[in-house]
Trainee: 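My questions all concern the structure below.
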Amino acid sequence: MRTDDDSWDITESVGATAIGVAAIRAYETGREDALFRDPYAAKLVGAVDSEGWNSLMAGTLSGQGAGGDLGAWSMGSVLIARTLYFDEYFAAAVRAGIRQIVILAAGLDARAYRLEWPSGTRIFELDQPKVLAFKARALADDRPAADRREVAIDLRQDWPTALLDKGFEPDQPTAWLAEGLLRYLPGHAQDKLLEQVLELSAPGSRLALNLGTTGDMADEFRERRRKVMADAGIHLDLENLFYPWEDREDPRTWFAMHRWLVTEGDPVALLEDRGRTVPEAAKAGMGAHILMTATKPRGDETQ
Ligand SMILES: C[S@@+](CC[C@H](N)C(=O)[O-])C[C@H]1O[C@@H](n2cnc3c(N)ncnc32)[C@H](O)[C@@H]1O
C-alpha cells in the first residue's frame, strides 16, 4: 500500500523496481546481439545478492527461455527500447551544447559512468537516500565519466532546493530525464514535479520521459510475469506500486499546453530498425507506452 510519504531501500517497495530494470539491462548486455551494453548493470544487480534477481539477469528464470524470452514481455521490450531512446536523447543533448543533466529517479541508471560525456558535463542524480547509498556502495571502485552529484531526496519533497544546493544552475539549459518514474507518483505529484521542472528550465532545456498507459500489458503477460518472478522468490507487485494512469494528465498534452515542442519515439520501431524481431504479442502493449521528448524553445524559435 502506497502512502504520500513512503520511503524504501533498494530491495523494498518501489526501490526493488530499480533492480528489475537494471536486471533487464544486464540481460540485454549479455546477449550476443545486444543493442546496448551497460556493464554496470550486472555489478549493481549482483550487489543485491539475491538468487531470484541473479537468475532474471542471467535469463535463467523458469519460463524465461523459449517463447518466454524477456524481450517477449512488452515491459522487457519497452525497457530495451527506452534505453536506446534515452541514450540517443542524451547524445543529441550534448551535441546541442547542453552540459547540465538531471536524472530524476536515477535508481541504478549508470549513464553517468557508461556514456561518453564532454568535459564540463555535470550530472545530478536524484532518488531516495537509501537507493543512492546502495548504488554508491556498489560502484565505490568506479569512476563516473562526468561530474556526478547525488541529490538524495524524495521527489515529492522540496527537491528543487536540494538540487540548487548541489550546484544546479537554472540559467543554463538542462537535459532532464524521468525514466520509469511517473507511474510511481500520483497525478497531483506528477503535475507538481513537471511544474518544478518548468520553473528550473532555461530556454533550450528538454525533458525525456516514458510512461505506461493503462493498457501497457495484456493481463496474460502480467500474470505470467508475476508468476515467473514469484516462483523465483521475487515478490514485486507492480500493480500495487503504480498510481493509476487515469488520474493524471497525459504529458504529451501537458507539455504542448506549456508551449514546449513535443516529439515521440516508437518503441517497436526503435527495436525493429535495429534488426530485433519484436513478438506480435508484445506489440500492442509497447504501442500503449509513451516515449517522448519535450523541448523548451529558445527565444528565437517559433512557439
Ligand atoms: C523503475 S525504477 C527506474 C530507475 C531508473 N530511472 C532506471 O530506469 O533504471 C524507479 C525509480 O524511481 C524512484 N522513485 C520513485 N518514486 C520516487 C520518489 N517519490 N522520490 C525519489 N525516487 C523515486 C525509485 O526509488 C526507483 O529508483
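None of the values given here were measured: they were computed from a predicted structure. Start at 1 and go down the list; that is how both ligands and their atoms are numbered. In what follows, residues are counted from 1 in the order of the sequence shown.
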Trainee: Quiz question: by atom type and distance under 3.5 Å, do the side chains of Glu179 and Asn210 form a donor-acceptor pair?
Mentor: no
Trainee: Do we get Arg114 above Tyr40's six-membered ring, with its NZ or CZ under 6.0 Å from the centre and within 45° of the axis?
Mentor: no
Trainee: If you round to the nearest 0.5 Å, how far is CE of Met286 from CG of Leu271?
Mentor: 4.5 Å
Trainee: Identify, chain by chain and in numerical order, each protein residue with a heavy atom under 4.0 Å from an atom of ligand 1.
Mentor: Trp8, Val14, Thr17, Ala18, Val21, Arg25, Arg82, Ala105, Ala106, Gly107, Asp127, Gln128, Val131, Ile153, Asp154, Leu155, Arg156, Glu179, Gly180, Leu181, Tyr184, Leu185
Trainee: Does Ala106 offer a backbone N or O that forms a donor-acceptor pair with the side chain of Glu125 under 3.5 Å?
Mentor: no
Trainee: Side chains of Gln190 and Arg183: closer than 4.5 Å at any heavy-atom pair?
Mentor: no
Trainee: Are Arg148 and Glu150 close enough for a salt bridge, meaning some N to O gap below 4.0 Å?
Mentor: yes
